[in-house]
Amino acid sequence: MSDDGWLLDAGCGSGLLLSFLADRLTKDGRYLGMDILPAGLASLKPRANRLNLNGSVSGVQTDLSKDLPLADASVSCVAAHFSVYTLPEEKDRRQVYQEFWRVLKPRGLLVTANPTHFYNAEKIIRKSLESLNGKVSHPQRWFKKYVVYPLTLHLGLKHIEGQLKSGRWHGYRPEELHDEVAQVGFVIERSETVYGGSGCLVVGRKP
Ligand SMILES: C[S@@+](CC[C@H](N)C(=O)[O-])C[C@H]1O[C@@H](n2cnc3c(N)ncnc32)[C@H](O)[C@@H]1O
């Protein structure tokens with residue numbers, strides 16, 4: 001990022017976040033992706049190549065529910081987008097947030113988003129489609145509507161919805177993510193629902 005620090009993407013998948021951050025990763029900024037599955041990690045370097053971020057990007061296979069392989073106060077920002085909720089036990093999620101706290105530098109930022117227990121896969125797709133209005137060309141919208149979104153819905157989002165309903169993954173109640181993060185000591189700078197109520201987002205700062 002801008003202060004020559006490391007950004008940790010915890011549960012990075014294939015590193016989608018990189019595409020959003022590419023223009024903000026300065027030549028000194030560094031991105032470290034962690035995920036339990038090697039498949040997503042294998043996509044990090046090719047994605048970084050496409051974005052001309054070669055030297056700035058690395059990945060390491062890690063189980064977030066264990067101690068992170070990082071020194072205390074070594075990263076500037078932790079992003080955890082739709083990853084911590086895969087731990088159904090509160091004590092395990094708390095241990096993850098404590099680890100994020102440990103590895104963050106003072107004034108470091110945690111940005112975390114997880115599904116709510118109102119998670120609705122079809123509504124997410126509807127909202128995404130609405131958000132394209134006026135922003136992409138007609139053929140691009142058609143391609144997203146009839147190819148990309150149906151695949152996303154049936155191969156990804158419906159699976160998440162099923163896991164949440166079964167209780168194997170955790171859907172958050174309103175305020176619950178805020179409290180989990182605040183209890184570790186973070187000062188909450190932002191707490192809101194996102195994705196049409198299907199997600200909750202919390203931004204916390206380590207004092
Ligand atoms: C829904 S995907 C989100 C990926 C990415 N953050 C994104 O927003 O595109 C959840 C990711 O969390 C990872 N994950 C789940 N449990 C994990 C754990 N215990 N340790 C590390 N990664 C985990 C999964 O392998 C998967 O890549």
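We use all heavy atoms of the structure for the numbers below, so side chains are in, but hydrogens, waters and symmetry mates are not. We number each residue from 1, following the sequence as shown. We count ligands from 1, going down the list as the structure has it; atoms in each ligand are counted the same way.
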Subject >> Closest protein heavy atom to atom 20 (N) of ligand 1, given as residue, atom name and distance to 0.1 Å >> reply: Leu64 N, 2.8 Å

Original post:
Short N/O distance, under 3.5 Å, between Thr86 and ligand 1?
Top reply: yes

**OP:** Do me a favour and list the nearest non-hydrogen protein atom to atom 24 (C) of ligand 1 with residue, atom name and distance?
**Re:** Asp35 OD1, 3.5 Å

**OP:** Output yes when the distance from some N or O of ligand 1 to some N or O of Ile36 is under 3.5 Å, and no in every other case.
**Re:** yes

Original post:
Checking Lys66 side chain against Thr62 main chain: does a donor-acceptor pair fall under 3.5 Å?
Top reply: no

Original post:
Is Leu37 in polar range of ligand 1, meaning some N or O pair under 3.5 Å apart?
Top reply: no

**OP:** Sort out for me which residue in Tyr119, Phe118, Phe82 forms a ring-ring contact (aromatic ring centres under 6.0 Å, His included) with Tyr195.
**Re:** Phe82

Original post:
With only distance considered, is Asp63 within less than 3.5 Å of ligand 1 through an N or O on each side?
Top reply: yes

Original post:
Which residue owns the protein heavy atom closest to atom 8 (O) of ligand 1, what's the atom, and how far is it?
Top reply: His81 ND1, 2.5 Å

**OP:** Write out the residue and atom name of the closest protein heavy atom to atom 12 (O) of ligand 1, then the distance separating them to 0.1 Å.
**Re:** Ser83 CB, 3.6 Å

**OP:** In plain terms, say whether Glu161 and Lys158 are close enough for a salt bridge, that is, a side-chain N and a carboxylate O under 4.0 Å apart.
**Re:** yes

**OP:** Answer with side chain, backbone, both or neither: which part of Ser14 has a heavy atom less than 4.0 angstrom from an atom of ligand 1?
**Re:** neither

Original post:
Between the side chains of His170 and Glu176, is a donor N or O closer than 3.5 angstrom to an acceptor N or O?
Top reply: yes

**OP:** Could you tell me the residue and atom name of the protein heavy atom closest to atom 9 (O) of ligand 1, and the distance to it rounded to 0.1 Å?
**Re:** Leu16 CD1, 3.6 Å

Original post:
Just by distance, do the side chain of Lys123 and the backbone of Ser198 share a donor-acceptor pair under 3.5 Å?
Top reply: no

Original post:
What is the minimum heavy-atom distance between Ser76 and Lys105, and which atoms define it?
Top reply: OG-NZ, 4.0 Å

Original post:
Among Pro38, Gly11, Gly13, Gly40, which one has a heavy atom closest to atom 6 (N) of ligand 1?
Top reply: Gly11

Original post:
Is a side-chain N or O of Thr112 found less than 3.5 angstrom from the main chain of Ala80, in a donor-acceptor match?
Top reply: yes

Subject >> Aromatic ring pairing Phe100/Tyr97, orientation class (parallel under 30°, perpendicular over 60°, tilted between) >> reply: perpendicular

Original post:
Which residue owns the protein heavy atom closest to atom 1 (C) of ligand 1, what's the atom, and how far is it?
Top reply: Phe82 O, 3.4 Å

**OP:** Could you tell me which atoms of ligand 1, counted from 1 in the order shown, lie closer than 4.0 angstrom to a heavy atom of Thr62?
**Re:** 20 (N), 21 (C)

Subject >> Check: Ser65 side chain, Asp63 main-chain N or O, donor-acceptor pair, under 3.5 Å >> reply: no

Subject >> Polar proximity ligand 1 side, Ser65 side, N/O cut 3.5 Å exclusive >> reply: no

